[in-house]
Amino acid sequence: MPEAVIQTYTRADEAFDCLQTAIVKGDLAPGEKIGEVELCSRFSLTRGPLREALGRLESRGLLVRRPHAGVKVVSVSTDELMELYRIREVMEGLAARQAAERMTDDEITALHTTLDAHEAIIEQAHGQAYYQAEGDYDFHHRIATGSRNAKLAQMLLGDLYYMVRMYRYRLSTASGRPHMALGEHRRIVEAIAQRDGELAEFLMKRHINAARRNIERKIAEGGLTI
């Protein structure tokens with residue numbers, strides 16, 4: 001039998017996770033120019049792992065490299081961000097409909113458990129933020145994979161996913177929004193558990209539409225700079 005491949009968590013992985021979290025949480029802001037010396041000092045990183053991490057972040061579309069301008073955190077215009085959310089509304093609505101038709105009972109139970117963990121995270125943040133790690137810890141990621149639609153998941157979990165995560169977290173810091181978003185997530189999961197694809201799609205689209213309108217309001221009020 002072939003030997004099992006043991007994957008280890010490297011210094012480069014650590015640097016990557018550290019910087020990606022900083023970007024998602026806004027500690028490294030959209031459009032911010034970054035330099036290796038500053039990052040090493042600020043995040044207690046070493047040059048080799050840092051450079052590998054920067055390359056991975058660039059490939060994910062979270063960093064952009066411009067001639068004579070160095071490396072910057074990616075940024076989008078307000079109009080581009082609104083279009084991203086309109087795309088999400090349609091695509092994730094379809095993902096929720098198909099998840100209701102195709103997720104297993106065990107997967108739905110795991111989704112409930114994930115939301116329980118999210119509730120604890122929100123409480124630890126005193127209701128002021130709703131941070132979801134990527135992959136299986138992320139509600140929207142689970143719905144996309146649960147749709148069993150490979151093409152749809154590929155589109156939702158590519159560059160679009162990592163770009164949107166930056167703004168999802170910043171939106172979640174709005175007063176009252178974390179608990180509201182969690183409630184919306186729970187209602188979507190209830191519809192999926194009932195195998196009501198039409199309702200799941202409607203609730204997901206309404207959830208993302210509400211997020212988009214909250215972003216528009218925060219921008220108008222000057223509480224969110226793109």
Side-chain angles (χ1 to χ4, degrees), residues 1-77 80-81 84 88 110 113-115 117-118 120-126 128-146 150 153-173 178 181 224-226:
M1 293 180 62
E3 294 184 5
V5 177
I6 300 175
Q7 297 193 353
T8 58
Y9 188 71
T10 67
R11 287 286 186 87
D13 293 329
E14 182 180 358
F16 173 80
D17 288 342
C18 173
L19 295 179
Q20 180 173 248
T21 299
I23 291 171
V24 170
K25 289 190 170 183
D27 297 328
L28 292 172
E32 181 177 343
K33 186 175 181 179
I34 59 177
E36 291 184 8
V37 174
E38 178 192 355
L39 291 177
C40 285
S41 174
R42 185 172 170 184
F43 296 101
S44 301
L45 303 172
T46 54
R47 278 287 181 86
L50 172 65
R51 286 175 177 169
E52 183 176 333
L54 292 178
R56 289 167 61 183
L57 290 166
E58 190 175 351
S59 70
R60 280 198 170 178
L62 294 177
L63 296 179
V64 291
R65 192 181 301 271
R66 297 279 188 264
H68 312 299
V71 179
K72 291 184 177 181
V73 179
V74 69
S75 62
V76 298
S77 68
E80 288 172 330
L81 183 60
L84 284 175
R88 282 187 66 205
T113 301
T114 296
L115 293 184
H118 288 178
I121 290 170
I122 292 171
E123 295 306 321
Q124 288 171 7
H126 306 290
Q128 296 303 305
Y130 187 170
Y131 176 73
Q132 301 177 61
E134 67 177 273
D136 285 346
Y137 299 100
D138 182 350
F139 170 77
H140 292 276
H141 192 287
R142 276 185 175 268
I143 298 297
T145 56
Q154 184 179 38
M155 289 185 283
L156 283 172
L157 303 180
D159 291 347
L160 174 65
Y161 173 72
Y162 299 105
M163 176 80 71
V164 168
R165 282 190 77 225
M166 296 169 54
Y167 295 97
R168 277 172 48 197
Y169 177 78
R170 294 170 71 194
L171 171 67
S172 80
T173 59
L224 180 64
T225 302
I226 301 301

Measure across A153 and A144 and return the closest heavy-atom pair with its distance rounded to 0.1 Å. CB-O, 3.8 Å

T114: partners by side chain to side chain donor-acceptor pair (under 3.5 Å), with sequence neighbours left out: R142

For Y161 and D138, what are the C-alpha separation, side-chain angles and deciding distance, and is it a side-chain contact (heavy atoms from CB on, under 4.5 Å)? CA-CA 11 Å; Y161 173 72; D138 182 350; 2.7 Å; yes

Under the side chain to side chain contact (heavy atoms under 4.5 Å, CB included) rule, collect the residues that match up with R42, sequence neighbours excluded. D27, L28, E32, E38

Examine distances only and state if a side-chain atom of T145 and a backbone atom of H141 form a donor-acceptor pair shorter than 3.5 Å. yes

Restricting to side chain to side chain donor-acceptor pair (under 3.5 Å), what partner residues turn up for E80, sequence neighbours left out? S77

Tell me every residue that passes side chain to side chain contact (heavy atoms under 4.5 Å, CB included) with V24, counting only those two or more places apart in sequence or in another chain. Q20, Y131, R165, Y169

Got a sec, which residues hit salt bridge (Lys or Arg N to Asp or Glu O under 4.0 Å) with R11, two or more places apart in sequence or on another chain? none

One should read off an interatomic distance between L62 CG and M163 CE, to the nearest 0.5 angstrom, of 7.5 Å

Which residues pass the ring pair (Phe, Tyr, Trp, His ring centres under 6.0 Å) test with Y162, sequence neighbours left out? none

List the residues meeting side chain to side chain donor-acceptor pair (under 3.5 Å) with H118, not counting sequence neighbours, and say none if there are none. Y130

Partner residues of D13 under the side chain to side chain contact (heavy atoms under 4.5 Å, CB included) criterion, sequence neighbours left out: Y9, T10, R56

Roughly how far, to the nearest 0.5 Å, is the CD1 atom of I23 from the SG atom of C18? 10.0 Å

Is the backbone of V37 close enough, under 3.5 Å, to the side chain of S41 for a donor and an acceptor to pair up by distance? no

Measure the CG-CG distance between L63 and L57 for me, rounded to the nearest 0.5 Å. 5.0 Å

Once salt bridge (Lys or Arg N to Asp or Glu O under 4.0 Å) is applied, what residue pairs with a partner in residues 59-76 remain, sequence neighbours excluded? E58-R65, R60-E134

side-chain contact (heavy atoms from CB on, under 4.5 Å) evaluation trace for I34 with L54: CA-CA 10 Å; I34 59 177; L54 292 178; 4.1 Å; yes

Could you give me the CA-CA distance, side-chain angles and deciding distance for V73 and M166, then say whether side-chain contact (heavy atoms from CB on, under 4.5 Å) is met? CA-CA 10 Å; V73 179; M166 296 169 54; 4.1 Å; yes

Which atoms form the tightest heavy-atom contact between I122 and P178, and what is the distance? CD1-O, 3.6 Å

For E123, check side chain to side chain donor-acceptor pair (under 3.5 Å) against everything at least two apart and list the hits. H179

Nearest non-hydrogen partners of C40 and L50, listed with the distance: SG-CD2, 3.5 Å

Taking side chain to side chain contact (heavy atoms under 4.5 Å, CB included) as the definition, give me every residue that meets it alongside R51, ordered by chain and number, with sequence neighbours left out. E36, R47

L19 and A53 have their tightest heavy-atom pair at CD1-CB, 4.4 Å

Taking ring pair (Phe, Tyr, Trp, His ring centres under 6.0 Å) as the definition, give me every residue that meets it alongside F139, ordered by chain and number, with sequence neighbours left out. H185

